[in-house]
Amino acid sequence: MGILWTKGNIYTMEKEGEKVEAVFTSEGKILGVGKEEDLLHDFGRDVRQVVDLRGKTMLPGFVDSHIHLIGLGESLLRPDLARCGSKREVLQTIKEYASRLEEGEWLIGEGWNENAWSDSREITKEDLDRVVPDRPVLLKRICRHSAVVNSKVLALAGITGETENPPGGEIGKRNGEPTGVLKDAALDLIAPLVPKPSLPFLKRALKLAVQTCRRYGLTGVHTEDLNYYGSFRDTYRAFQEVLQEEEFLFRAHLLVHHGVIDEWHRAGFRYLRGGNVEFGAMKIFADGSLGSRTALLSGPYKDDPANRGIGVHSLPELKELVRKARELNTAVAIHAIGDLAAEWAIEAMEENPAPEGMRDRLIHAQVLREDLLERLKKLPVVIDVQPRFLLSDYPWVLDRVDRERSPLLYAWKSLLKAGLAVAGGSDAPIEPVNPMEGIYAAVTRALPDRPDEAYDPGERLSVFEAVSLYTSGSARACLREGTRGKIQPGYDADFTILNKNIFEIPPEEILDVEVCGTVIGGKIVYGAEDGIKAGT
């Protein structure tokens with residue numbers, strides 16, 4: 001017995017503009033697409049329910065190809081500093097939050113972004129000490145590649161003016177004394193001290209995150225969480241226990257950080273094994289972020305000529321990690337924002353080819369060069385981009401990157417023209433999880449308050465190309481292009497239902513599009529009151 005979905009704008013995403021009248025699903029799969037009359041003829045006896053889409057637009061289920069799912073839930077449970085438009089507001093927010101904590105409890109927040117502040121461009125331990133003097137404070141920057149801590153944390157970690165920078169990291173200092181700012185591998189100096197979340201906390205964060213994702217039309221995500229919460233086992237257990245509950249039905253593809261890959265392998269886990277919770281590629285960080293000036297560039301930053309960023313690993317170390325992944329018969333997913341980081345990642349993948357039938361990922365790829373595109377074209381690789389970054393990073397990013405040396409900046413159209421497979425995500429909680437914001441950014445390359453000022457307009461995507469990032473693109477990134485990402489017979493019955501036809505409205509209205517239905521395996525897991533109507 002199954003469901004007939006009809007009376008809407010049903011786009012298959014097989015090719016641009018292709019629509020069908022109706023879809024028949026049963027037991028979580030799509031069995032037929034085409035004219036309603038034909039489907040009733042073929043499957044009429046098995047139709048137990050008819051869903052009237054009421055003229056809404058139905059697409060293959062959106063999948064965010066790069067997110068931190070537990071981190072998204074954490075951001076909903078802790079102070080959201082991304083909303084703060086000034087340092088003063090950040091400090092007031094944490095002061096108020098500290099008053100609600102128990103004695104001795106750490107204050108942990110994230111999302112601060114000095115590039116968006118109206119009153120300052122730095123935050124230090126002295127700032128934190130002034131408003132929260134009685135407990136450890138850890139505030140992660142929006143990129144999560146930098147953080148600021150107060151004097152209590154520095155003392156607990158034994159970080160002084162004499163402490164040297166660890167390989168792949170930087171301890172901020174002024175006049176020989178630490179400022180409280182820690183970048184990339186320097187964060188490892190405090191990591192053992194940070195209280196580990198309990199299993200109930202992890203499950204609570206996951207539940208909030210799943211509910212939020214489904215509200216924005218996401219039927220699944222590719223997420224990287226397994227190395228950050230003290231216990232790989234407890235973190236994986238949280239995913240298993242939450243996502244097997246009917247109330248929290250969702251699909252999660254888990255990237256495996258290289259820091260836990262040995263434990264993962266010893267436990268008998270393998271690449272792409274699992275159901276709604278499956279394992280993906282081995283995650284490796286090659287550099288940091290442009291916002292914290294830790295992205296590894298092939299030349300100096302325009303606004304900081306003494307700095308070229310930070311390589312989290314040396315080139316030989318990066319190659320060794322990729323070689324290790326191959327020994328474990330798995331793909332790699334390498335975070336590379338700067339063009340030199342991308343170059344190193346490409347070289348490591350060239351020297352250690354992916355196993356037959358697998359695809360690697362180059363994550364972010366914000367700064368590239370034409371010669372790197374040529375090399376990428378020869379590799380089995382998916383480029384994992386986050387279009388929403390454009391809305392946060394422009395125009396300040398233009399002051400950081402030398403365009404003559406690295407002309408391809410957030411160059412999504414160039415990637416597609418080169419024939420590369422491209423997937424789309426948000427990197428939430430670093431950016432908002434709403435796919436509409438990413439699609440809008442990819443289509444317009446303009447800030448909402450300046451819609452007529454597109455950045456590199458030649459790199460804009462069509463709406464079909466932008467939607468494909470979150471449908472067929474995400475499916476290709478996890479080797480599911482034969483079962484997800486399109487509305488075709490044999491594919492999973494995962495759908496995102498929108499209140500407007502995204503292909504027919506002006507681009508500036510994309511941000512106003514709302515989700516009125518999210519369907520996973522043929523089950524409606526989210527639906528607005530005025531959305532779809534189910535009948536018998």
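Values below: all heavy atoms of this structure, side chains included; hydrogens, waters and symmetry mates excluded.
Contact check for Asn352 versus Lys324: no side-chain heavy atoms found under the 4.5 Å cut-off. Glu16 has its side chain out of reach of Phe503: every pair of non-hydrogen atoms, C-beta onward, lies at least 4.5 Å apart. At least one side-chain heavy atom of Gln366 sits under 4.5 Å from a side-chain heavy atom of Asp393. Counting only heavy atoms from C-beta outward, the side chains of Trp344 and Leu296 approach each other to under 4.5 Å. The closest side-chain heavy-atom distance from Thr518 to Ile497 is not below 4.5 Å. In this structure, Trp112 and Cys84 have side chains that are not in contact, with every pair of non-hydrogen atoms separated by 4.5 Å or more. Side chains of Pro387 and Leu469 form a contact here, defined as non-hydrogen atoms less than 4.5 Å apart. Residues Arg369 and Glu374 are not in side-chain contact: their nearest non-hydrogen atoms beyond the backbone lie 4.5 Å or more apart.
In this pair, His313 and His258 present their aromatic rings perpendicular. The plane angle is above 60°, beyond the 30 to 60° band. Between Tyr394 and Tyr455, the ring planes are tilted. Angles from 30° to 60° get that label. Ring orientation note: the planes of His66 and His364 are nearly perpendicular, at an angle over 60° on the 30°/60° scale. A perpendicular orientation is assigned to the rings of His68 and Tyr228, their planes being inclined by more than 60° (bins at 30° and 60°). Classified by interplanar angle (parallel below 30°, tilted 30° to 60°, perpendicular above 60°), the ring pair Tyr470/Phe62 is tilted.
Remark: the Ser75 side chain and the Glu110 side chain contain no N/O donor-acceptor pair separated by less than 3.5 Å. With 3.5 Å as the limit, one finds no donor-acceptor pair spanning the side chains of Asp225 and Thr235. Using a 3.5 Å distance cut-off with no hydrogens or angles, the side chains of Glu431 and Ser392 do pair a donor with an acceptor.
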Step by step, would you call Leu139 with Val90 a side-chain contact (heavy atoms from CB on, under 4.5 Å)? CA-CA 10 Å; Leu139 304 182; Val90 168; 4.3 Å; yes
Determine, stepwise, if the pair Leu379 / Asp360 fulfils side-chain contact (heavy atoms from CB on, under 4.5 Å). CA-CA 8 Å; Leu379 293 171; Asp360 294 323; over 6 Å; no
Inset, instruction - Any chance you could lay out the side-chain contact (heavy atoms from CB on, under 4.5 Å) test for Glu481 and Arg359, step after step, and finish with the verdict? - result: CA-CA 12 Å; Glu481 66 267 30; Arg359 296 190 193 100; 2.5 Å; yes
Which is it for Gln211 and Phe248 under the side-chain contact (heavy atoms from CB on, under 4.5 Å) test, yes or no, and what are the steps along the way? CA-CA 7 Å; Gln211 290 171 330; Phe248 298 100; 3.5 Å; yes
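Enclosure of atom NZ in Lys302 by more than 12 non-hydrogen atoms of other residues, nucleotides or ligands within 6.0 angstrom is indicated. The neighbour count for Glu404 CD, taken as heavy atoms of other residues, nucleotides or ligands under 6.0 Å away, does not exceed 12. In Arg83, the CZ atom is not crowded: 12 or fewer heavy atoms of neighbouring residues, nucleotides or ligands sit closer than 6.0 Å.
Ion pairing of Glu320 with Arg323 is present here, as a side-chain N (NZ or NE/NH1/NH2) and a carboxylate O approach within less than 4.0 Å. With salt bridges taken as basic N to acidic carboxylate O contacts below 4.0 Å, none links Lys378 and Glu350. Classification of Arg293 and Asp303 as a salt-bridged pair holds, one side-chain N sitting under 4.0 Å from a carboxylate O. In this structure, Lys87 does not pair ionically with Glu114, as no charged nitrogen and carboxylate oxygen lie closer than 4.0 Å. Ion pairing of Asp456 with Arg403 is present here, as a side-chain N (NZ or NE/NH1/NH2) and a carboxylate O approach within less than 4.0 Å. Salt bridge annotation for Glu74-Arg144: present, with a cationic side-chain nitrogen under 4.0 angstrom from a carboxylate oxygen.
Residues Phe279 and Phe239 keep their aromatic ring centres 6.0 Å or farther apart. With ring centers used as reference points, Tyr410 lies 6.0 Å or more from Phe389.
Between atom CG of residue Leu318 and atom CD of residue Glu351 there is a gap of 10.5 Å, rounded to the nearest 0.5 Å. Summarising the geometry, atom NE2 belonging to His222 is positioned 11.0 Å from atom CD1 belonging to Ile363; distances are rounded to the nearest 0.5 Å. Atom-to-atom distance recorded for Glu343:CD and Leu297:CG is 12.0 Å, nearest 0.5 angstrom. Taking CD of Glu170 as the reference point, atom CG of Asn307 lies at 7.0 Å (rounded to 0.5 Å). The distance from atom CD1 of Ile439 to atom OG1 of Thr444, rounded to the nearest 0.5 Å, is 11.5 Å. The line from CZ of Phe269 to CD of Glu263 is 9.0 Å long, rounded to the nearest 0.5 Å.
Side-chain atoms of Arg405 do not come within 3.5 Å of backbone N or O of Val401 as any donor-acceptor pair. The backbone N or O of Gly338 sits less than 3.5 Å from a side-chain atom of Asp287, completing a donor-acceptor pair. For Arg270 (side chain) and His265 (main-chain N/O), a donor-acceptor pair under 3.5 Å exists by modelled atom type. Under a 3.5 Å cut-off, the side chain of Lys183 and the backbone N or O of Ser292 do form a donor-acceptor pair. No donor-acceptor distance shorter than 3.5 angstrom exists from the side chain of Asp492 to the backbone of Arg484, with no hydrogens or angles considered. Looking at Arg308, its side chain does come within 3.5 Å of a backbone N or O of Ser298 through a donor-acceptor pair. Distance alone, capped at 3.5 Å, places no donor-acceptor pair between the Ser65 side chain and the Asp384 backbone. The backbone N or O of Gly521 lies less than 3.5 Å from a partner atom in the side chain of Asp494, making a donor-acceptor pair. A donor-acceptor pair under 3.5 Å is absent between the side-chain atoms of Arg214 and the main chain of Phe250, judged by distance alone. Checked by atom type and distance alone, the side chain of Ser474 never pairs as donor or acceptor with a backbone atom of Asp64 at under 3.5 Å.
Nearest heavy-atom pair across Gly217 and Thr496 is O-OG1, 2.7 Å. When every heavy atom of Pro197 is checked against every heavy atom of Leu202, the shortest pair comes out as CB-CD2, 3.9 Å. Here the shortest heavy-atom pairing between Val260 and Asn227 reads CG1-OD1, 3.1 Å. Shortest non-hydrogen contact noted between Ile520 and Thr219 is CD1-O, 3.6 Å. The two residues Gly168 and Ile310 have their closest heavy-atom pair at O-CG2, 3.3 Å. Residues Trp117 and Ile123 share a closest heavy-atom pair of CH2-CB, 3.8 Å.
When Leu461, Leu408, Ile383 are each tested for a side-chain contact (heavy atoms from CB on, under 4.5 Å) with Leu415, only one passes: Ile383.
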